[in-house]
Amino acid sequence: MRLATWNVNSVKARLPRLLEWLAETAPDIVCLQETKCAAEAFPVAEVSELGYTAAAHGDGRWNGVALLSRVGLADVTLSFPGEPGFGELDGVGAARPEARAIGATCAGMRVWSLYAPNGRTLDSPHFVYKLDWFAALRDALAAEVAAGLPVVACGDYNVAPTDADVWDASLFAGATHVTPAERQALAALRDLGLHDVVPTPMKGPHPFTYWDYRAGMFHQNKGMRIDLVYASGDVAGRVRSAYVDREARKGKGPSDHAPIVVDLEA
DNA sequence: ATGACTCGTACGACGAGA
């Protein structure tokens, strides 16, 4: 069983590379983030030619998440229970959740594709939103873990778990992605019994998954590990290997994130 | 290569990304 997660930075712009990568890598389950398209615009026909069933959650130009599976895709959930939103309030004073979470049952596992809010700056309302989002995610995943479901929550968490997960921690003073509050949000997920499935970097000591497009960051390996696979104990115990597919970050027209590929026993 | 971004929207910049 091969599971993968990839922030594609627009499924439309990435479609040729995505299809090529799916054919080469042959994952059974794929979590996609930043699809940047409405659910009805998701390229269902194209991925179905490769044998995948797709479920997409998107509202247009920002965010967007999707799941692909060729081992079943049932009980699809758009957004998680209690997920907060951002921006305009509705009649009862709540903002509608953005398209940042989609869950489904695939091959007996509860699989989530997640795209955490960026946070922007420490003094931004978006940073408060980010922490609230993680708190609600914790509660939603706690319920699934408590129900005894094998859970794997994959995606772009927009948090580097440790200082070793950014190319130069000193440059991140006063920035998002590295604060104690954000790292505590990840620790709260691990406290549920979720395990950080750390992938093998295929080059260099750090399993970075993101490199800014600008200033030759990828070529200098100035990256960040912000895409994570958090798996409940039963799933984590089945992990045979995991790697960052940095080949997918090379060449013409890549995403700024590389996929993580996880091989599970059976 | 001693410098170095890309997306959607919409057709010209601009907000957002991290």
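As the structure is a prediction and not an experimental result, all values here were calculated from the model. First the proteins, then the strands, lettered A, B, ... as listed; each starts at 1.
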| query | Under 3.5 Å, is there a donor-acceptor pair between the A/K130 and A/N118 side chains? | reply | no

Notebook entry, point to check: What integer number of Å spans the C1' atoms of B/dG8 and B/dG12?
Noted result: 13 Å

Nearest-nucleotide check on DNA chain B, A/A215 vs A/P117; residue mapping nearer the 5' end is A/A215

Here the distance between atom P of B/dC5 and atom CD of A/Q220, to the nearest Å, is 12 Å

Between CZ of A/R249 and C1' of B/dA4 the distance, given in whole Å, is 12 Å

Atom CH2 of A/W211 and atom C1' of B/dA4 are separated, to the nearest Å, by 17 Å

* Answer yes or no: does a side-chain N or O of A/R214 lie under 4.0 Å from OP1 or OP2 of B/dG17? => no

Is A/A13 touching bases, backbone alone, or none of the nucleic acid, heavy atoms closer than 4.0 Å?
-> sugar-phosphate

For a side chain to side chain donor-acceptor pair (under 3.5 Å) check, start with the C-alpha distance between A/E144 and A/W112, then their side-chain angles and the critical distance, and finish with the verdict.
CA-CA 11 Å; A/E144 295 197 336; A/W112 285 95; 2.8 Å; yes

- Item | Any A/N9 side-chain N or O less than 4.0 Å from OP1/OP2 of B/dT6 | no

Checking B/dA18, B/dA16, B/dC7 against the side chain of A/R14 (C-beta onward), the nearest is B/dC7

#### Entry: Rounded distance in Å between the P positions of B/dG15 and B/dC11
16 Å

(message) Please determine whether a side-chain nitrogen or oxygen atom of A/H257 lies at a distance below 4.0 Å from atom OP1 or OP2 of B/dG17.
(response) no

Checklist entry - Is the shortest distance from a Lys or Arg side-chain nitrogen in A/R214 or A/D256 to a carboxylate oxygen in the other one below 4.0 Å? => result no

Rounded to whole Å, the NZ-P distance (A/K130 to B/dA18) equals 9 Å

Check this for me: does any side-chain nitrogen of one of A/R17 and A/E20 sit under 4.0 Å from a carboxylate oxygen of the other?
no

Is the phosphate of B/dA16 approached by A/R61 (side-chain N or O, under 4.0 Å from OP1 or OP2)? no

Item checked: Contact under 4.0 Å: A/T176 side-chain N or O vs B/dA18 OP1/OP2 -> no

Check your understanding: Taking the C1' atom of each, how far is B/dT6 from B/dT2, in whole Å?
Key -> 24 Å

Under 4.0 angstrom, heavy atoms only, what part of the nucleic acid is A/M217 near: base, sugar-phosphate, or nothing?
nothing

Using 4.0 Å as the upper bound for N to carboxylate O, is an ion pair formed by A/R183 and A/D165? no

From CD1 of A/I226 across to C1' of B/dG17 the rounded distance in Å is 10 Å

Whole-Å distance, A/H126 NE2 to B/dA18 P, equals 10 Å

Have a look at A/Y157 and say if it touches a base, only the backbone sugar-phosphate, or nothing, with a 4.0 Å heavy-atom cut-off. nothing

Just call it for A/D156: base, sugar-phosphate, or nothing, with non-hydrogen atoms closer than 4.0 Å on any strand.
-> sugar-phosphate

Roughly how many Å apart are B/dG3 and B/dA13, using the C1' atom of each and rounding to a whole number? 24 Å

With the side chain defined as heavy atoms from C-beta on, A/K36 is closest, among B/dA18, B/dG17, B/dC7, to B/dC7

When every non-hydrogen atom of A/L19 is compared with those of A/L50, the smallest separation belongs to O-CD1, 3.7 Å

Atom CG of A/N221 and atom C1' of B/dA4 are separated, to the nearest Å, by 16 Å

When the C1' atoms of B/dC5 and B/dA18 are considered, how many whole Å apart are they? 13 Å

Notebook entry, point to check: Taking only side-chain nitrogens and oxygens of A/N118, does any of them come within less than 4.0 Å of OP1 or OP2 of B/dA18?
Noted result: yes

Open item on the list: Tell me whether A/D28 is salt-bridged to A/R2, with the criterion being a basic N under 4.0 Å from an acidic carboxylate O.
Closed with: no

Sorted by position of nearest nucleotide on DNA chain B, 5' first, the leading residue of A/P254 and A/Y210 is A/P254

Rounded to whole Å, CG of A/L15 lies from C1' of B/dG8 at a distance of 16 Å

